[in-house]
Amino acid sequence: MTVTVRFAPSPTGYIHIGNTRTALSNWLFALKNGGRFILRFDDTDIERSKSEYAEAIAQDLDWLGVKPDRVEYQSKRFAIYDAAAERLKSAGLLYPCYETAEELELRRKLRLARRLPPVYGREALKLTDAERAKLEAEGRKPHWRFLLPNFKDDPFSPERTEVHWDDLVRGPQTVDLASMSDPVLVREDGSYLYTFPSVVDDIDLGVTHVIRGDDHVTNTGAQIAIFRALGAEPPQFGHHNLLTTISGEGLSKRTGALSIRALREVGYEPMSVASLAVLIGTSENVIAAPDMQVLAEHFELAAASKSSAKFDPAELDTLNRALVHALDFEAVRGRLAALGIEGDKAEAFWLAVRGNLGRVSDASLWWKIVNEGVQTAPDLSQEDVAFVREAFDLLPAEPWDRQTWKVWTDAVKEKSGRKGKALFMPLRLALTGLPAGPELADLLPVLGREGTLARRP
Ligand code: GLU
């Protein structure tokens, strides 16, 4: 069977680095296993879901390099859920309940007082047709619960019923179905809770592996029971650890914290975001993978640790720097052109400055320095000014290449007797206005003889 995975965000905000971990875990798993990747929007919550967010999520995934084989919207699939719910209803596995939240809370307290587990006691199953009709006549609308298969003959005497799965991340897992309440699958207003449509879709779309955050571990026992109730074999499950902010707070789509959109606008490379999202909180070294193939080689679901991992934006800067240093001109040509960096000098310029940039967009400043002259007046003493003037008289004739810097500074050294920092720093300051920056051996040919002489103090 073809490996089929899905990433199932609710379009209620922009995806953040934590959602990215889930998306990429699925994407890389599919890549490694020759599988298919489905993007499924869990947008059954009509109030909170927005099509703008769905579009933004698709764009952010595309920017990261995730190209879904299929895109589905749960909001367009209600007929399928209704049919599946009807099947469960006729089998007596989905039953109507009329309790209000207050009534349920009261019962919970009573059970606790009687030292019974605080789970739903299935009281609604005892209602006669007449009682139900009476409640409905009073205007009560039912919500619907799934009857967990945790009993032999009598639903009011649940027995320990273990569900097992071998989690792709966490290893063998066991859940006792008698320890939980029958889950509500349909609300009073007829809308579905996430649990049910998700299972129906996973069956209908042929999902073989459900890879998601470990906040869903507790759903898995009930979901496995629902798969079986619908006559399907459950897929394999893998629950990875979650990411938090550096101060340990959970990430939320609603707050926009560490959204992919924001990281992208700041100018990070997609692969540095992807590398960090996938590799932190695992036993793998965090490297800046240049592409998905390389990242896939370093990705192993089982390598994720069991506890949550902190996402440190400073690490992103380090990875981004490493990636930018290695980007060849073709990879950035379009982006540089958009910054106005184009023409004959553009490639040599890029190769000269890339080793000094945190982000591609930082190239703008250096382009300005190269083309318009120093942006900050160099801080040179009288003596240094005299030295630089003398040095400029020794500039070799063109053509210039990478060796020109050495040829020139050797001559300057010989004539002036200066060496080391005293020799190089005034030249750097005169040429760039800044005390640090790209290798001057690379920058000098880009400036050219004329451009260099124009900087004569
Ligand atoms: N919409 C759910 C979420 O965003 C999907 C969970 C799942 O993958 O099953 O948490």
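We count ligands from 1, going down the list as the structure has it; atoms in each ligand are counted the same way.
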Worksheet item: Hey, do the aromatic rings of Phe196 and Tyr81 have their centres closer than 6.0 Å?
Response: no

Discussion item. Which residue and atom name correspond to the protein heavy atom nearest atom 5 (C) of ligand 1, and how close is it?
Written reply: Ala8 O, 3.3 Å

Worksheet item: Going by the atom numbers of ligand 1, which of them fall below 4.0 Å from some non-hydrogen atom of His216?
Response: 3 (C), 6 (C), 10 (O)

Worksheet item: Crowded around Lys134 NZ? As in, over 12 foreign heavy atoms under 6.0 Å?
Response: no

Worksheet item: Just which atoms of ligand 1 are under 4.0 Å from any heavy atom in Arg212?
Response: 7 (C), 8 (O), 9 (O)

Item to complete: Evaluate the ring planes of Tyr95 and Tyr120, with Trp represented by its six-membered ring, and classify them as parallel (under 30°), tilted (30 to 60°) or perpendicular (over 60°).
Response: parallel

Discussion item. Counting non-hydrogen protein atoms only, what is the nearest one to atom 7 (C) of ligand 1? Give residue, atom name and distance.
Written reply: Tyr194 OH, 3.2 Å

Discussion item. I'd like to know whether NZ of Lys306 has more than 12 heavy-atom contacts from other residues, nucleotides or ligands below 6.0 angstrom.
Written reply: yes

Discussion item. So that I can tick it off, tell me whether Arg335 and Glu269 are bridged by a salt bridge, with the cut-off set at under 4.0 angstrom between side-chain N and carboxylate O.
Written reply: yes

Practice prompt. Report, in ascending order of atom number, the atoms of ligand 1 lying under 4.0 Å from any heavy atom of Ser10.
Written response: 1 (N), 4 (O)

Fill in: Contacting atoms of ligand 1, where contact means under 4.0 angstrom from a heavy atom of Arg6
7 (C), 8 (O), 9 (O)

Worksheet item: Taking the minimum heavy-atom distance to atom 1 (N) of ligand 1, which of Asp43, Asp42, Asp202 ranks first?
Response: Asp42

Practice prompt. Report, as yes or no, whether the 6.0 Å neighbourhood of atom NZ on Lys126 holds more than 12 heavy atoms from other residues, nucleotides or ligands.
Written response: yes

Response to the item:
Honestly, for Phe7 the part within reach of ligand 1 (heavy atoms, under 4.0 Å) is neither

